[in-house]
Amino acid sequence: MQNTADAGAKAITQLTAINTAKVLTVICLTICAIVFGISDLRQVIYLCLHVSYCMWWLLEQWFFPNRRQIFNEPIGVGGFSFTLIFVGVFYTLPGYLAFTNPAPISALAIAIAIPLYIFGTLINTTADIQKLTAKQYGAGLVQDGVWRFSRNINYFGDLLRYLSFSVIAGSLWAYLVPGTITLLYLQRISQREQTMSGKYSEYAAYQESSSRLIPFLW
């Protein structure tokens with residue numbers, strides 16, 4: 001009986017946890033809307049942006065089944081619980097701040113946030129689909145297309161998207177989320193650089209011709 005329980009715990013993958021966390025995020029935002037109400041465009045725009053992102057994350061795996069191959073490492077019950085708290089709840093902090101912000105949103109904030117979200121989503125999605133398609137056809141190191149601008153262009157797009165949430169929230173505390181995600185991505189990038197350098201002989205040249213994270217800057 002114990003062996004069966006252990007096997008079930010190990011079968012929980014990172015992707016399962018993240019998918020569940022995205023659903024939890026939508027639930028948390030819905031609760032915020034019910035509890036605090038919608039009094040301004042700030043809350044409407046925030047709901048539209050963050051909920052549509054969560055829905056796209058789930059739909060993308062349906063449109064492109066090979067996407068389910070990512071984050072397939074088993075994490076167990078502890079990792080599952082941590083993901084729910086970190087991704088499902090902590091990531092909704094800008095949403096909570098948006099719903100509890102009594103000030104009307106400015107036209108400038110909207111003008112900044114919407115392009116950040118659109119371009120962030122387009123960059124992230126394009127990068128993922130390009131790499132997924134290339135790998136399906138047996139490609140090795142993907143370094144053309146959007147990947148020629150940054151070796152972690154998908155992370156860059158994701159950060160732009162989370163920045164848009166913070167801009168809409170209108171609170172400095174909201175930037176804790178993209179700040180934390182940046183630190184997490186920097187750790188992943190450092191590990192990935194070492195792995196890719198050992199895997200591909202041409203990676204050193206790719207490093208010289210591309211940015212690490214932010215195109216044209218770093």
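All of these numbers come straight from a predicted model, not from anything done at the bench.
Between Ala127 and Val146, the shortest heavy-atom distance links the atoms CA-CG2, 3.7 Å. Residues Ala111 and Pro115 come closest through the heavy atom pair O-CD, 2.9 Å. Minimum interatomic distance between Leu47 and Ala33 (heavy atoms only, all atoms of both residues): CD1-CB, 4.2 Å. Taking each heavy atom of Ser164 and Ala113 in turn, the nearest pair found is CB-O, 3.3 Å. For the residue pair Ala103 and Arg42, the shortest heavy atom distance occurs at O-NH2, 2.9 Å. For the residue pair Ala134 and Val142, the shortest heavy atom distance occurs at CB-CG2, 3.7 Å.
Annotation: side chain of Val23 is not in contact with side chain of Asn19 (no heavy-atom distance under 4.5 Å). No side-chain heavy atom of Thr83 sits less than 4.5 Å from a side-chain heavy atom of Gln14. Side-chain contact between Leu217 and Ser211 is absent, with no heavy atoms from C-beta onward closer than 4.5 Å. Using a 4.5 Å cut-off on side-chain heavy atoms (C-beta onward), Gln207 and Ser197 make contact. Taking 4.5 Å as the limit, some side-chain heavy atom of Gln143 sits within range of a side-chain heavy atom of Glu202. Under the 4.5 Å side-chain criterion, counting only non-hydrogen atoms from C-beta, Asp40 is not in contact with Asn101. A heavy-atom distance below 4.5 Å is found between the side chains of Leu29 and Tyr46. Put simply, the side chain of Val87 does not reach to within 4.5 Å of the side chain of Phe82, judged on heavy atoms.
Summarising the geometry, atom NZ belonging to Lys199 is positioned 9.5 Å from atom CZ belonging to Arg192; distances are rounded to the nearest 0.5 Å. Leu132 contributes atom CG, which lies 12.0 Å from atom OG1 of Thr125 (distance to the nearest 0.5 angstrom). Taking OG of Ser209 as the reference point, atom CZ of Arg151 lies at 8.0 Å (rounded to 0.5 Å). Taking CZ of Phe80 as the start and OG1 of Thr16 as the end, the distance is 7.5 Å to the nearest 0.5 Å. How far CD1 of Ile123 is from CD1 of Ile118: 11.5 Å, rounded to the nearest 0.5 Å. The distance from the NE2 atom of His50 to the NZ atom of Lys22 is 6.0 Å, given to the nearest 0.5 Å.
The same ILVMFWY cluster, assembled from side-chain heavy atoms under 4.5 Å apart, contains both Ile110 and Leu160. Ile38 is connected to Val35 through a chain of hydrophobic side-chain contacts under 4.5 Å among Ile, Leu, Val, Met, Phe, Trp and Tyr, so both are in one cluster. Under a hydrophobic clustering in which Ile, Leu, Val, Met, Phe, Trp and Tyr are joined whenever their side-chain heavy atoms come within less than 4.5 Å, directly or via other members, Ile85 and Leu24 fall into different clusters. Both Phe63 and Ile129 belong to a common hydrophobic cluster when Ile, Leu, Val, Met, Phe, Trp and Tyr are linked at side-chain heavy-atom distances under 4.5 angstrom. Residue Ile112 is grouped with residue Leu49 when hydrophobic side chains (ILVMFWY) are merged at heavy-atom distances under 4.5 angstrom, including chains of intermediate members.
Taking the six-membered ring for Trp and thresholds of 30 and 60 degrees, Tyr117 and Phe165 have ring planes inclined between 30 and 60 degrees apart.
For an aromatic pair to be called close, the ring centres must be under 6.0 Å apart, and Tyr91 with Tyr162 satisfies this.
By the neighbour-count criterion of 12 heavy atoms within 6.0 Å, atom CH2 of Trp218 is densely surrounded, having more than that number from other residues, nucleotides or ligands. Counting non-hydrogen atoms of neighbouring residues, nucleotides and ligands closer than 6.0 angstrom, the CZ atom of Phe119 reaches no more than 12 such neighbours.
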Could you please spell out the steps behind the side-chain contact (heavy atoms from CB on, under 4.5 Å) verdict for Asn152 and Phe156?
CA-CA 7 Å; Asn152 297 281; Phe156 175 68; over 6 Å; no
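Between the side chains of Thr25 and Tyr53, no donor-acceptor pair of N or O atoms lies under 3.5 Å. Side-chain atoms of Asn154 and Trp147 form no donor-acceptor pair, as typed in the model, at a separation below 3.5 Å. Side chains of Tyr203 and Glu193: a donor-acceptor N/O pair is present below 3.5 angstrom, by distance only.
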For residues 176-191, please give each side-chain donor-acceptor pair under 3.5 Å, one per line with the distance, not counting sequence neighbours.
| unit_1 | atom_1 | unit_2 | atom_2 | d |
| --- | --- | --- | --- | --- |
| Thr180 | OG1 | Leu176 | O | 2.7 |
| Thr182 | OG1 | Pro178 | O | 2.7 |
| Tyr185 | OH | Asp158 | OD2 | 2.5 |

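Remark: Tyr175 engages no residue in a side-chain hydrogen bond (donor to acceptor under 3.5 Å, both in side chains) (not counting sequence neighbours).
Although no hydrogens or angles enter the test, the distance criterion places no donor-acceptor pair under 3.5 Å between the side chain of Thr92 and the main chain of Gly95. Under the 3.5 Å distance criterion, the side-chain polar atoms of Lys135 are matched with a main-chain donor or acceptor of Gly140. In this structure, Ser166 contributes its side chain and Ala174 its backbone to a donor-acceptor pair below 3.5 Å.
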